[in-house]
Amino acid sequence: MIRVTLPDGSAREVARGTTPADIAAAIGPGLAKAAIAARVDGELRDIMRPIESDANLALVTTRDEADALELARHDFAHVLAEAVQSLFAGTQITFGPSTDDGFYYDFAPPAGRGPFVDDELPLIEAEMRRIIAADQPLVREVWSRADLITKWQADGESFKAEWAAELPENEELTVYRSGDWMDMCRGPHLASTGKLDPAAFKLMRVSGAYWRGDQKNAQLTRIYGTGWLNKKQLDAHLMRLEEAAKRDHRRIGQDMDLFHLQAEAHGSVFWHPNGFVIYRALEAYMRRRLDAAGYLEVKTPQIMDARQWEQSGHWGKYRENMFVIPDEVPNTEDEGPVISDKAEWMALKPMNCPAHVLIFRQGIKSYRDLPLRLAEMGCCHRNEPHGALHGLMRVRQFTQDDAHIFCREDQIVDEVAKFCDLLDVIYKDLGFADYAIKLALRPEKRFGTDEMWDWSEQSMRDAVAATGRNTPEWGWEELPGEGAFYAPKLEFHLTDAIGRTWQVGTIQTDTVLPERLDAAYIGEDGAKHRPIMLHRAILGSYERFIGILIEHYAGRFPVWLAPVQAVVATIVSDADAYGEQVTAKLKAAGIRVTSDFRNEKINYKVREHSLAKVPHLLVVGMREAEEGKVAIRSLGSDGQRIMTLDEAIAMLVGEATPPDLKDATI
RNA sequence: GCUGCUGUAGCUCAGUGGUAGAGCGCGUCAUUGGUAAUGACGAGGUCGGGAGUUCAAUCCUCCCCAGCAGCACCA
């Protein structure tokens with residue numbers, strides 16, 4: 001007999017080999033029906049898996065949503081794999097986990113045919129529903145490694161055989177059977193396919209993926225699905241996707257005439273007047289914040305000699321992402337190559353840091369000059385892989401809100417703390433209340449000694465600890481292998497209005513670049529010392545950050561950022577003269593205002609400017625003209641407020657004031 | 001860069017082996033209307049680029065380019 005302790009503290013003596021399902025049945029028929037899995041000593045397990053020794057047991061039901069979803073999605077992945085193999089003989093299975101909103105499975109399609117395509121998804125879905133309807137038990141079996149490898153080889157499953165051979169020695173190899181079909185899997189699973197809701201999943205798309213995530217390996221076909229516990233959840237998820245699509249910055253950018261992209265300059269942004277208003281408002285705001293925080297703004301060359309990039313290390317570690325250009329007058333004759341093979345190379349800057357070190361190196365620096373904070377709205381070019389480009393979010397030419405802080409070791413903690421405070425204020429001003437802090441540790445491809453990395457990683461930990469932000473409430477975690485090649489990165493991840501996260505801010509402790517470019521200052525002791533260099537950005541890039549802002553606000557910007565802050569619309573043409581006056585006064589007050597005196601009905605004007613997301617519509621007819629008033633209709637509210645022109649101007653000026661200028665105490 | 005899908009008017013999209021269509025937008029005219037679409041008429045397209053098959057290609061084939069989704073990449 002073994003002793004099983006339940007969550008309420010009660011214990012039961014049961015025979016060894018009793019399953020959680022048996023225990024659920026013994027407790028009551030309701031629970032037996034609801035239970036879908038079990039946590040045995042905290043580990044999620046199959047409900048039919050026998051308990052072999054004394055244990056704490058908690059039965060898992062569909063009310064334990066996180067566990068239930070995880071199980072269901074994992075099962076959907078298996079059902080998908082079974083469906084594909086039953087429809088397409090000769091397909092090899094590989095690997096198929098659950099994801100944040102569903103599941104996927106990677107397949108090697110049968111020899112002689114191409115990848116699966118979107119059009120085949122409905123067929124596969126139908127087969128999945130058949131398997132679910134068949135309510136096949138999912139049975140766990142433990143296999144010996146040798147038997148399993150033999151079995152996979154016999155079945156022509158070379159990927160599975162390879163995987164089985166490489167699993168760790170001490171790992172128990174398990175398979176799950178669903179009828180005649182089986183997959184190697186750690187589990188756990190639901191008791192049978194019939195536990196899945198056939199209306200709670202949808203296959204979304206196919207794509208390529210590499211075996212074991214490595215570009216050098218075979219390319220597989222990945223089929224993605226979204227899976228839930230019931231149709232209601234699925235529908236809600238599909239609705240959320242639609243919501244996100246409506247916020248897409250590319251869509252809104254076009255609708256609001258903010259920017260465009262085109263093939264002739266792919267990866268670079270054409271900012272239209274409306275979009276550039278946002279850009280300039282943001283830039284002006286950032287300049288004021290940086291000035292106040294003791295940064296000195298600089299501007300550095302766009303093109304530098306390859307020798308400089310060799311010295312900084314970018315030529316060796318980063319060249320594949322650089323735009324390299326010849327330092328030679330192009331041949332203007334019709335004959336011969338435009339550029340000879342003797343040309344020396346230059347490159348567009350992919351980063352601002354080396355240039356900032358070069359400024360630091362001009363003249364002799366004293367410890368009294370530190371910390372020296374050099375900021376640049378640095379326009380960088382990176383030769384990104386074509387498949388990576390995405391709207392404003394991933395471009396090849398972008399402007400960083402970059403700065404480098406040159407300081408002594410003993411100033412790091414203070415500087416990181418000041419940076420965190422500045423960033424906190426800026427994110428809140430821009431409408432982001434939530435963000436998480438993470439520390440990205442040394443990557444495989446890197447500069448510097450292990451001792452330097454030990455030191456700089458620890459200095460970051462210490463600095464964050466000093467600000468009290470290294471806690472779960474701040475989303476604190478360490479990310480091994482994710483750092484930059486020259487330094488560990490402290491990362492700041494924003495949460496937007498619909499719960500997505502974006503890594504934007506970063507600060508990095510770098511000892512490598514000052515060394516390579518020989519930056520030094522004279523210390524109190526009269527000797528030369530290396531400064532520490534802190535690379536830091538708050539927005540990341542203006543392009544991407546504005547993309548994030550567009551999606552966060554769904555185009556409904558706060559008034560201080562809105563391209564057009566107000567429109568004066570007349571009801572009848574007799575009010576145009578008054579409308580002109582209103583417009584002129586608003587302009588004089590610094591409001592970005594346009595007027596709409598077109599020969600259209602007021603309904604039409606209201607609709608058009610509302611769809612254009614103009615924050616305030618000032619409607620004037622003869623009544624307003626006679627009384628010196630305006631009727632204000634604000635975005636997001638149906639009603640109108642009648643107020644005097646002076647009241648309206650005071651209100652608009654208040655809303656149009658950037659947040660840093662509102663509070664005179666900062 | 002890899003896999004799949006897509007590319008037709010400013011935008012959203014329909015369509016056909018015999019050189020194209022809708023709605024919105026745009027222009028003109030009429031209408032002066034009080035808070036989410038007034039009506040009529042009109043202009044507007046080398047059907048992403050190149051090559052091939054064909055009597056004939058926007059449509060079929062091949063190559064290229066770009067966009068989208070995912071993968072890889074994200075210093």
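Chain naming here is simple, since letters A, B, ... match the order of the sequence lines and numbering starts at 1 in each.
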Between G39(B) and U46(B), how many Å separate the two C1' atoms, rounded to a whole number? 36 Å
Residue H390(A), side-chain heavy atoms: nucleotide from A36(B), A69(B), U38(B) that is nearest: A69(B)
I'd like the C1' distance from A14(B) over to U32(B), given in whole Å. 38 Å
Any N/O donor-acceptor pair, Y210(A) side-chain to G1(B) base, under 3.5 Å: yes
For nucleotides 4-11 of chain B, give me one character per nucleotide, 5' to 3': B if any protein heavy atom sits under 4.0 Å from the base, S if the only such contacts are to the sugar-phosphate, - if neither. S------S
Which of residues 611-620 of chain A sit near RNA chain B, with a heavy atom under 4.0 Å from it? L611(A), V619(A)
Please determine, for the side chain of A631(A), which listed nucleotide (G33(B), U35(B), A69(B)) has the closest atom? U35(B)
Which whole number of Å gives the distance between the C1' atom of G49(B) and that of U6(B)? 16 Å
Say we look at U61(B) and G21(B): how far apart would their C1' atoms be, to the nearest angstrom? 27 Å
Between H609(A) and A36(B), does any side-chain N or O lie under 4.0 Å from OP1 or OP2? no
Atom-to-atom span, CD of E600(A) to P of A36(B) - whole angstrom: 15 Å
From the candidates G70(B), U38(B), U32(B), the one with an atom nearest any side-chain atom of Y224(A) is G70(B)
Categorize N603(A) for me: base, sugar-phosphate, or nothing, with a 4.0 angstrom heavy-atom threshold over every strand shown. sugar-phosphate
Assign F447(A) to base, sugar-phosphate, or nothing according to its heavy-atom contacts below 4.0 angstrom with the strands shown. nothing
The side chain of R205(A) lies closest to which of these nucleotides: G70(B), C71(B), A66(B)? G70(B)
Could you tell me how far G52(B) sits from A57(B) if I compare only their P atoms? Round to whole Å. 11 Å
Name the residue closer to the 5' end of RNA chain B, choosing between L389(A) and Q640(A) according to the nucleotide with the nearest heavy atom. Q640(A)
Spacing of the P atoms in U16(B) and U58(B) (rounded, Å): 16 Å
By nearest atom, which of the nucleotides C71(B), A66(B), A72(B) is closest to the A263(A) side chain? A66(B)
When the P atoms of U12(B) and G4(B) are compared, how many Å lie between them, rounded to an integer? 26 Å
G25(B) to G67(B) separation - C1' atoms, rounded to the nearest Å: 23 Å
Tell me what G213(A) touches on the nucleic acid: a base, only sugar-phosphate, or nothing, going by heavy atoms under 4.0 Å. sugar-phosphate
